[in-house]
S.K.: 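One structure, pasted below without further comment.
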Amino acid sequence: MTIVLLLKQSACSLTALNMTNLLLAPASLAALFTYDASVVAVFGAVVATVLIAIHLRSLKWKRMPPGPKPVPFIGNTHQVPSVKPWWTFEKWNKEYGPVISFWLGGTPVIVLGTAQAAWDLLDKRSDIYSSRPRFVVAGEILSNNMRGLMLPYGEAWRRWRKVLHSGFHSRRAEAYTPIQSLEGKITLVDMLSKPQEWERNFRRYAASVVTSVTYGRRINSIDEWIVKENIAAMDYLMSVNIPGKYLVESWPWLLKLPRALQWFRREPEEYQQRDIKLYTSLLDDVKTRMNNGTAPDCLTSQTLLDQGFVPGDDNGSAHIGRTLSELDIAYAVSSPFGAGIDTTAGTLSSFVLAMLHFPEVQAKAQRELDTVIGPSRMPEYEDKGELPYIRAIVDETLRWRPVAVLGGSPHAVTADDEYKGMFIPKGSTVFANMAGIMRDPNMFPSPDDFIPERFLISSPLFNPRFAPFDLPFGFGRRVCPGSHLARNSLFISIARLLWAFHIKPATDKEGKEVLPDPWNYTNGFNSFPVSFQCKFEPRSREVVGVIKREGAAALDELNSRWT
Ligand code: HEM
């Protein structure tokens with residue numbers, strides 16, 4: 001009994017002692033106890049939050065747009081063909097929906113397969129969909145972040161883009177139409193004298209328009225050094241931009257190795273020196289002509305002036321640098337070369353292909369030209385308002401075979417996003433698959449047929465959503481800055497080719513017509529018809545006379561302009 005009482009007492013006294021200790025203990029001790037408790041609480045809360053966040057995130061990731069099942073480490077890389085992947089993307093869009101996702105290694109890729117999805121995300125949410133994926137070798141090492149096309153969305157890109165915007169916005173582009181018209185007349189002469197070289201003639205036209213408006217110098221042939229050097233620079237750029245070619249694209253931490261150990265740098269850095277030499281020599285040439293007062297108004301002269309260059313001053317270049325360095329300018333004004341030649345010339349080749357496969361369209365267009373223009377003069381820009389069917393053919397060509405088949409360069413998302421209940425993670429690469437978008441039968445019934453009437457306001461097939469038809473030129477803040485220049489080139493070239501020539505299939509030895517395969521297109525970010533033969537027969541002797549007369553006058557005028 002006594003023992004039990006003692007035990008009871010001691011238990012009570014222990015309890016009392018503990019209570020007393022807690023109440024009477026020094027403040028520091030109490031704080032220590034309190035602190036320990038809160039550390040545990042905070043730690044627990046952090047762990048719980050992290051676990052909840054991981055759980056929620058994994059739920060989010062499960063809500064990514066549907067797509068083919070990835071495998072560990074490589075994702076879906078093995079399922080994406082290196083040749084014309086846009087057909088596979090179109091197939092997946094048909095199978096899984098207008099917005100699909102897959103994985104290239106550790107990078108999520110989103111493909112938009114309808115115009116609506118592209119408008120909703122790339123246009124309406126352009127604040128977070130306007131960046132580019134990281135191009136380690138092509139953008140960072142080879143181009144030292146000076147090729148704006150590959151720059152992520154941000155200040156450097158904005159400064160670069162301002163140069164192109166002020167050089168090619170719609171009013172400024174109007175000022176280039178006299179050059180485009182004169183060059184177009186030279187092209188018609190080339191088409192008369194060497195019709196078998198029609199693709200080269202188109203390339204010369206596109207290249208001469210670009211060099212004239214950027215550097216104030218025209219070209220007579222695509223074999224001139226300025227074209228060859230620029231093409232070589234573009235070819236190398238393309239050659240390093242092949243997925244899987246460089247380990248450092250998937251493992252950018254390799255850039256943290258001592259420079260001497262970064263084996264992948266040597267060759268692109270050598271080519272960077274070659275690019276710098278080319279672009280600065282073209283810039284210096286314009287500066288020299290500005291100094292002696294012979295430089296025509298062009299993108300380069302305009303940008304140099306905007307950036308503070310003082311022509312005629314011995315130290316004129318020292319003032320350059322309001323927002324861009326001289327090298328930045330040299331790179332910025334070189335961009336139209338890479339972006340504006342294959343796109344324009346390739347679209348003209350698609351137009352020729354369409355005319356071979358849809359002769360009734362050709363005949364209808366020629367009826368319009370005969371009514372509005374007649375054979376005694378050639379179409380001019382002033383006739384544009386009177387030639388709705390020709391304008392519709394331009395739009396339909398851009399739709400029928402979009403040259404920027406994957407929407408140009410891919411976009412990248414800079415923040416997590418939700419779209420129609422689907423989760424789109426930050427850092428995803430986003431393609432607007434033009435090949436699929438332009439063949440969406442809901443938007444473009446009978447998509448494989450060439451039907452200009454879709455773009456004719458007077459036609460029941462007209463869809464007002466496509467007035468104007470901007471879709472081929474991309475989306476949001478990255479939309480093509482050269483679209484006005486490109487459209488003007490396409491309009492005048494197409495109007496005059498149809499006015500001047502019957503475009504007919506080539507014939508074999510037995511005289512049988514040989515139609516080129518309408519799907520035989522090149523691989524690459526710009527896709528255009530693989531070279532084919534066809535005939536350009538002048539429509540009348542009167543037309544030939546006009547071409548020769550106008551062509552000679554155009555050459556005189558161009559020579560007096562640029563020398
Ligand atoms: C038929 C002709 C052309 C087509 C179909 C075309 C189409 C495109 C497309 C789809 C894009 C990507 C837009 C995006 O990322 O959403 C683009 C970008 C670009 N285009 Fe064009 N283009 C053409 C001609 C031109 C011309 C003539 C120039 C030169 C003045 C030009 C300069 C550029 C540049 C510099 C970019 C990059 C814009 C940036 O990243 O901010 N393009 N183009």
Side-chain angles (χ1 to χ4, degrees), residues 86 112 115 118-119 121-123 126 129-133 135 139 143 147-154 156-170 172-173 176 179-180 202-203 205-215 230 234 298-300 331-351 394-395 397-412 429-435 437-438 469-491 493-494 525-528:
W86 45 91
L112 311 176
W119 287 326
L121 296 178
L122 304 184
D123 275 350
S126 63
Y129 279 86
S130 293
S131 205
R132 296 281 191 222
F135 298 101
S143 313
R147 282 199 170 94
L149 181 84
M150 287 181 280
L151 278 180
Y153 186 63
W157 170 79
R158 262 192 287 273
R159 287 195 297 265
W160 167 86
R161 176 86 188 187
K162 203 161 172 250
V163 170
L164 290 152
H165 175 73
S166 40
F168 295 109
H169 60 77
S170 68
R172 179 80 183 154
Y176 300 134
I179 295 170
Q180 288 166 291
F202 291 172
R203 277 177 80 78
Y205 170 77
S208 199
V209 167
V210 161
T211 54
S212 300
V213 301
T214 51
Y215 296 117
N230 268 293
M234 284 305 122
C298 59
L299 177 70
T300 307
Y331 266 84
V333 298
S334 79
S335 343
F337 212 101
I341 298 179
D342 278 355
T343 44
T344 307
T347 304
L348 287 175
S349 292
S350 288
F351 154 74
V394 172
D395 284 340
T397 305
L398 289 162
R399 182 208 69 83
W400 187 63
R401 294 290 186 271
V403 64
V405 69
L406 280 172
S409 250
H411 290 223
T429 295
V430 184
F431 286 101
N433 185 22
M434 291 289 187
I437 289 173
M438 300 296 195
F469 185 50
D470 300 330
L471 215 53
F473 293 100
F475 304 91
R477 300 180 192 184
R478 290 283 184 164
V479 70
C480 173
S483 66
H484 306 290
L485 184 80
R487 278 190 168 281
N488 290 340
S489 276
L490 296 175
F491 167 76
S493 305
I494 288 176
F525 272 100
N526 288 329
S527 178
F528 41 86

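All ligand and atom numbering here is 1-based and tracks the order in the structure. These numbers come from a predicted model, not from an experiment.
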S.K.: With no hydrogens and no angle check, do the side chains of Trp157 and Ser130 hold a donor and an acceptor under 3.5 Å apart?
M.R.: no

S.K.: Which atom pair, heavy atoms only, marks the closest approach of Thr343 to Val403?
M.R.: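 Taking every non-hydrogen atom into account, O-CG1, 3.8 Å.
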
S.K.: If we count only N and O atoms by modelled type, under 3.5 Å, do the side chains of Arg147 and Tyr331 hold a donor and an acceptor together?
M.R.: no

S.K.: Need the ligand 1 atom indices (1-based, order shown) with element for anything under 4.0 Å from a heavy-atom of Pro336.
M.R.: 29 (C), 30 (C)

S.K.: Between Leu149 and ligand 1, which residue portion shows a heavy-atom distance shorter than 4.0 Å: side chain, backbone, both, or neither?
M.R.: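 Within the 4.0 Å criterion, Leu149 contacts ligand 1 through backbone and side-chain atoms alike.
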
S.K.: Out of Arg147, Arg161, His484, whose heavy atom is nearest to atom 39 (C) of ligand 1?
M.R.: Arg161

S.K.: Once you restrict to heavy atoms under 4.0 Å, what part of Ala404 touches ligand 1? Side chain, backbone, both or neither.
M.R.: side chain

S.K.: Given Ala118, Ala339, Ala332, which has its nearest heavy atom closest to atom 33 (C) of ligand 1?
M.R.: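 When every heavy atom of Ala118, Ala339, Ala332 is considered, Ala339 comes closest to atom 33 (C) of ligand 1.
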
S.K.: Check each atom of ligand 1 against the heavy atoms of Val403 and keep those under 4.0 Å away; list them by number with element.
M.R.: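 Reading through ligand 1 atom by atom, the close ones are 5 (C).
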
S.K.: Determine whether Val479 and Asp470 satisfy the following criterion, side chain to side chain contact (heavy atoms under 4.5 Å, CB included), listing intermediate values before the conclusion.
M.R.: CA-CA 9 Å; Val479 70; Asp470 300 330; 5.8 Å; no

S.K.: What distance separates His169 NE2 from Leu164 CG, expressed to the nearest 0.5 Å?
M.R.: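 One finds 12.0 Å between NE2 of His169 and CG of Leu164.
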
S.K.: Answer yes or no: is there an ion pair linking Arg487 with Asp395, defined by an N-O contact shorter than 4.0 Å?
M.R.: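 The answer is yes: the pair qualifies as a salt bridge.
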
S.K.: Using atom types as modelled and distance alone, determine if a side-chain donor or acceptor of Arg203 lies under 3.5 Å from a backbone N or O of Asp342.
M.R.: no

S.K.: So is there a nitrogen or oxygen of Ser335 less than 3.5 Å from a nitrogen or oxygen in ligand 1?
M.R.: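 In fact, backbone or side chain, Ser335 has no N or O that close.
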
S.K.: Thr344 to ligand 1: N or O pair under 3.5 Å?
M.R.: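 Between Thr344 and ligand 1 (N or O atoms, distance only) the closest approach is not under 3.5 Å.
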
S.K.: For ligand 1, indicate whether the residue Thr343 contacts it via side chain, backbone, both or neither (heavy-atom separation under 4.0 Å).
M.R.: both

S.K.: If you count the atoms of ligand 1 from 1 in the order shown, which ones are under 4.0 Å from a heavy atom of Phe475?
M.R.: 16 (O)

S.K.: Considering only heavy atoms of Pro472, which atoms of ligand 1 have at least one such atom less than 4.0 Å away?
M.R.: 5 (C), 7 (C), 10 (C)

S.K.: So Tyr176 and Phe168, side chain to side chain contact (heavy atoms under 4.5 Å, CB included) or not? Walk me through it.
M.R.: CA-CA 9 Å; Tyr176 300 134; Phe168 295 109; 3.9 Å; yes

S.K.: Just checking, Arg161 and Tyr153: is the charged tip under 6.0 Å from the six-membered ring centre and within 45° of the axis?
M.R.: no

S.K.: Provide, to 0.1 Å, the distance between atom 30 (C) of ligand 1 and the closest protein heavy atom, together with that atom's residue and name.
M.R.: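 Of every protein heavy atom, Gly482 CA, 3.6 Å lies nearest to atom 30 (C) of ligand 1.
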
S.K.: Taking only heavy atoms of Arg132, which atoms of ligand 1 are found under 4.0 Å from at least one of them?
M.R.: 15 (O), 39 (C), 40 (O)

S.K.: As an exercise, identify every atom of ligand 1 less than 4.0 angstrom from a heavy atom of Thr347.
M.R.: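 Once the distances to Thr347 are compared, the set is 1 (C).
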
S.K.: Is there a side-chain contact between Arg399 and Met438 (heavy atoms, below 4.5 Å)?
M.R.: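 Yes, close enough: below the 4.5 Å cut-off.
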
S.K.: Of the protein's non-hydrogen atoms, which lies at the shortest distance from atom 19 (C) of ligand 1, and what is that distance?
M.R.: Pro481 CD, 3.7 Å

S.K.: Could you check whether any side-chain heavy atom of Pro336 comes within less than 4.5 Å of a side-chain heavy atom of Leu299, counting everything from C-beta outward?
M.R.: yes

S.K.: Applying a 4.0 Å heavy-atom criterion (strictly less than), which segment of Trp160 is in contact with ligand 1: side chain, backbone, both, or neither?
M.R.: side chain

S.K.: Nearest to atom 12 (C) of ligand 1 by heavy atom, Gly474, Gly407, Ala486, Cys480: which?
M.R.: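 It is Gly407 whose heavy atom sits nearest to atom 12 (C) of ligand 1.
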
S.K.: What atoms in ligand 1 come closer than 4.0 Å to a heavy atom of Ser409?
M.R.: 15 (O)

S.K.: Considering non-hydrogen atoms of the protein only, which is the closest contact for atom 6 (C) of ligand 1, and what is the distance?
M.R.: Phe473 CD2, 3.7 Å

S.K.: Between His411, Met434, Arg478, which one has a non-hydrogen atom sitting closest to atom 16 (O) of ligand 1?
M.R.: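 The option holding the nearest heavy atom is His411.
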
S.K.: For a quick test of reading the model, state the closest non-hydrogen atom pair linking Pro133 to Ala412 and the distance between them.
M.R.: N-CB, 3.5 Å

S.K.: With side chain to side chain contact (heavy atoms under 4.5 Å, CB included) as the criterion, how do Ser350 and Thr397 come out once you've worked through the C-alpha distance, each side chain's angles and the decisive distance to 0.1 Å?
M.R.: CA-CA 7 Å; Ser350 288; Thr397 305; 4.2 Å; yes

S.K.: As an exercise, identify every atom of ligand 1 less than 4.0 angstrom from a heavy atom of Gly340.
M.R.: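 Those atoms are 25 (C), 26 (C), 27 (C), 28 (C).
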
